[in-house]
There are 2 protein chains.
Amino acid sequence: MALPQATNTRFQTAEDVVGDIQRRIENGEWPEGHRLPPERELAALYGLARNTVRSALNRMGTDLIRVVGRGTYVKARNGGSVPGLGRHMKDASPAEVMEVRLIIEPQAAALAAHRANSDDLAEITEILRRSIAAKGFAEFEHYDAALHLAVFRATKNQLLVDYCEAINSARHQPHWHRLKQKSLTDGLRSQYDREHSALVDAIKQRDAEKARRLIHQHLTHVRDHLLAIDA
Amino acid sequence: MALPQATNTRFQTAEDVVGDIQRRIENGEWPEGHRLPPERELAALYGLARNTVRSALNRMGTDLIRVVGRGTYVKARNGGSVPGLGRHMKDASPAEVMEVRLIIEPQAAALAAHRANSDDLAEITEILRRSIAAKGFAEFEHYDAALHLAVFRATKNQLLVDYCEAINSARHQPHWHRLKQKSLTDGLRSQYDREHSALVDAIKQRDAEKARRLIHQHLTHVRDHLLAIDA
DNA sequence: GTCTTTTGAGCCAATGTTGAACCATTGACC
DNA sequence: GGTCAATGGTTCAACATTGGCTCAAAAGAC
């Protein structure tokens with residue numbers, strides 16, 4: 001994303017730099033394969049000597065690939081290779097993805113409230129039931145994604161469905177998984193359940209405006225908790 | 001066609017060029033069998049040495065066919081390698097695409113009004129000027145797409161930029177091309193010019209709400225004219 | 001006071017970019 | 001057929017960028 005690199009915090013030791021770089025990798029700001037700024041640039045950025053930055057980079061060992069004359073790259077964790085659809089999502093940071101979700105999903109929910117037929121409503125209701133009954137993190141994640149997808153399907157716009165699937169593919173990225181796992185406490189889980197239920201009710205009542213508002217609220221909460229962990 | 005190509009982004013390495021050429025091929029700007037500009041011309045276009053451009057072309061290996069004395073051609077690709085959002089765009093109906101545009105672009109314009117820096121504004125202004133000065137259908141189309149893309153770039157959200165490129169790829173589909181060509185009368189062309197100008201002004205004034213409203217109006221007009229022809 | 005870390009500086013080696021020149025092939029034109 | 005411009009193929013030396021490395025002095029940490 002070509003960040004302005006706002007490093008307002010103070011960095012004093014190599015350990016600080018290791019932490020900052022790991023954070024940037026974890027939250028997707030520097031995705032796999034990304035080329036880091038040159039050592040000399042990083043040094044200026046952190047306000048430290050180049051040797052200190054080098055020391056930090058060296059400590060990160062296998063997470064980075066360093067090539068003389070070319071630069072330092074974030075090592076691709078094996079497997080990655082999500083095919084096609086998620087290509088863009090894969091490189092996107094959680095902040096970017098949530099921004100796009102907040103743009104699209106409220107409108108999609110409003111459309112769904114207008115266009116959903118009884119089959120759509122039945123499916124959405126069933127998935128909601130299962131997501132509430134879900135035990136454990138992985139199962140909840142699965143039905144959460146399925147619920148949002150079912151809402152998109154009810155819009156009857158295949159392009160929107162494709163978008164939702166692309167977004168869902170981001171959930172399978174390692175750093176996303178870590179973030180969500182960290183942020184999803186029991187209390188939050190039940191809050192999300194309530195928000196999902198309210199959204200489904202609004203769609204059933206054909207109240208597009210209410211659906212729009214509720215999912216916007218919901219995603220705002222998701223974003224805030226995700227990025228709070230991030231910081 | 002000899003398009004001016006509007007390479008506003010900065011290219012510094014062979015890797016950048018590889019990415020740009022792959023993008024142009026993927027979004028249909030350079031379809032299968034298309035002849036690329038000569039190496040020396042590409043070099044001037046990207047502002048790089050011919051050797052650097054050659055290095056980029058060589059790295060693309062089987063995607064290109066290079067013949068001494070004739071030129072460089074896009075190789076016909078058997079099978080769908082590298083499917084992306086663009087692939088779905090191509091299969092989508094104009095009605096679906098316009099529905100999604102009406103959802104996303106107003107919000108993107110509002111974001112752009114908030115986040116555009118002076119460089120972004122200068123670029124947007126320049127592209128607007130060229131789009132108004134454009135002679136003929138193809139040139140106008142080119143700058144029209146470039147204008148919308150420049151607005152998305154100003155949001156600083158790479159995911160939104162990717163989305164806009166996917167939309168633009170739809171413009172290179174023969175079906176779309178025919179529709180737009182039929183619908184774009186001289187009167188409509190000047191109306192679009194006015195709407196574009198008003199939008200750019202709103203962004204410059206940092207008036208997010210106005211920008212949102214104006215682009216929504218604009219896209220509504222585009223949709224109505226497009227679908228009137230379609231029907 | 002001793003030990004570790006950080007600093008600043010310099011030099012080296014690997015890689016990429018540049019600008020230029022010249023060659024080989026193709027196709028259009030006479 | 002001969003000529004000529006256009007185009008890709010090749011090579012080369014100079015320069016720029018970037019990580020690898022060393023070393024002595026300064027700054028903290030215990």
Side-chain angles (χ1 to χ4, degrees), chain A residues 2-3 5 7-22 24-25 29-76, chain B residues 1-5 7-22 24-25 29-76:
Chain A
L3 280 204
Q5 307 273 10
T7 60
N8 299 314
T9 47
R10 295 274 176 274
F11 295 92
Q12 298 192 329
T13 71
E15 209 52 51
D16 297 339
V17 175
V18 170
D20 188 64
I21 293 175
Q22 277 176 341
R24 292 175 121 109
I25 293 175
E29 183 178 338
W30 288 345
E32 294 178 4
H34 180 264
R35 188 190 146 176
L36 274 60
E39 295 177 353
R40 292 161 175 87
E41 218 169 285
L42 282 174
L45 208 62
Y46 289 122
L48 297 173
R50 185 181 157 213
N51 277 341
T52 310
V53 171
R54 275 185 61 75
S55 162
L57 293 173
N58 287 332
R59 284 182 217 186
M60 300 193 53
T62 63
D63 290 347
L64 300 176
I65 299 175
R66 323 188 62 200
V67 188
V68 182
R70 295 190 47 166
T72 302
Y73 298 80
V74 179
K75 187 168 188 174
Chain B
M1 184 154 28
L3 280 192
Q5 308 273 10
T7 61
N8 302 295
T9 46
R10 299 276 172 268
F11 295 91
Q12 297 192 327
T13 71
E15 207 54 50
D16 297 339
V17 175
V18 170
D20 187 65
I21 293 175
Q22 278 177 340
R24 292 175 120 110
I25 293 175
E29 185 176 341
W30 289 345
E32 295 178 1
H34 180 264
R35 186 190 147 176
L36 274 61
E39 294 177 353
R40 292 162 175 86
E41 216 170 289
L42 282 175
L45 204 63
Y46 289 122
L48 296 173
R50 184 181 158 214
N51 275 342
T52 310
V53 171
R54 276 186 60 74
S55 162
L57 293 173
N58 286 331
R59 282 183 219 185
M60 299 194 52
T62 62
D63 290 348
L64 300 175
I65 299 175
R66 322 187 63 201
V67 187
V68 181
R70 297 190 49 183
T72 302
Y73 299 80
V74 178
K75 186 170 185 174

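In what follows, every heavy atom counts, from backbone to side chain, and hydrogens, waters and symmetry copies are set aside.
- Rounded to an integer number of Å, the gap from B:Ile65 CD1 to D:dT7 C1' is 16 Å.
- Remark: B:Glu15 pairs with B:Arg59 by the side chain to side chain donor-acceptor pair (under 3.5 Å) rule, at least two apart or across chains.
- Here the shortest heavy-atom pairing between B:Val18 and B:Ala56 reads CG2-O, 3.5 Å.
- Phosphate contact (OP1/OP2 of D:dG19, side-chain N/O of A:Thr72, threshold under 4.0 Å): present.
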What protein N or O atoms touch nucleotides 3-5 of chain D N or O atoms at under 3.5 angstrom, if any, and at what distances?
none

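- Considering all non-hydrogen atoms of both residues, B:Ile21 and B:Tyr46 come closest at CG1-OH, 3.6 Å.
- For B:Pro37 against B:Trp30, the heavy-atom pair with the smallest separation is CD-CZ2, 4.0 Å.
- Taking atom CG on A:Leu42 and atom C1' on D:dT18, their separation rounds to 12 Å, with Å as the unit.
- Note: CG (B:Leu57) to C1' (D:dG8) measures 10 Å, nearest angstrom.
- In terms of the side chain to side chain contact (heavy atoms under 4.5 Å, CB included) criterion, residue partners of A:Asp16 (sequence neighbours excluded) are, by chain and number, A:Phe11, A:Gln12, A:Thr13.
- For the helix from C:dG1-D:dC30 to C:dC30-D:dG1, the rotation axes defined at the first and last 5 base pairs enclose an angle of 20°, given to the nearest 10°.
- Partners of B:Glu41 under the salt bridge (charged side-chain N to carboxylate O under 4.0 Å, His left out) rule, at least two apart in sequence or in another chain, do not exist in this structure.
- In terms of position along DNA chain D, the nucleotide closest to B:Leu36 lies nearer the 5' end than the nucleotide closest to the other residue of the pair B:Leu36 and A:Asn58.
- The side chain of B:Arg66 contributes an N or O atom lying less than 4.0 Å from OP1 or OP2 of D:dG9.
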Under 4.0 Å protein heavy-atom contact, by nucleotide of nucleotides 17-26 of chain C - B base, S sugar-phosphate only: SBBBB--BBB

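- Straight-line distance from the CZ atom of A:Arg54 to the P atom of C:dG8: 16 Å, rounded to whole Å.
- When the side chain to side chain donor-acceptor pair (under 3.5 Å) test is applied to B:Asn58, the partners found at least two apart in sequence or on another chain are B:Arg66.
- Residues that satisfy the salt bridge (charged side-chain N to carboxylate O under 4.0 Å, His left out) test with A:Arg50, not counting sequence neighbours, are A:Glu39.
- The CD atom of B:Glu41 sits 7 Å away from the P atom of D:dT7 (whole-angstrom rounding).
- In this structure, B:Met60 places its CE atom 14 Å from P of D:dG8, rounding to the nearest Å.
- Residues satisfying the side chain to side chain contact (heavy atoms under 4.5 Å, CB included) test with A:Val67, not counting sequence neighbours, are A:Ile65, A:Arg70.
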Trace of the side-chain contact (heavy atoms from CB on, under 4.5 Å) decision for A:Thr72 with A:Leu42: CA-CA 11 Å; A:Thr72 302; A:Leu42 282 174; over 6 Å; no

Residue pair A:Leu45, A:Val53: steps toward the side-chain contact (heavy atoms from CB on, under 4.5 Å) verdict: CA-CA 10 Å; A:Leu45 208 62; A:Val53 171; over 6 Å; no

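- Between the CD atom of B:Glu39 and the C1' atom of D:dT10 there is a distance of 11 Å, given to the nearest Å.
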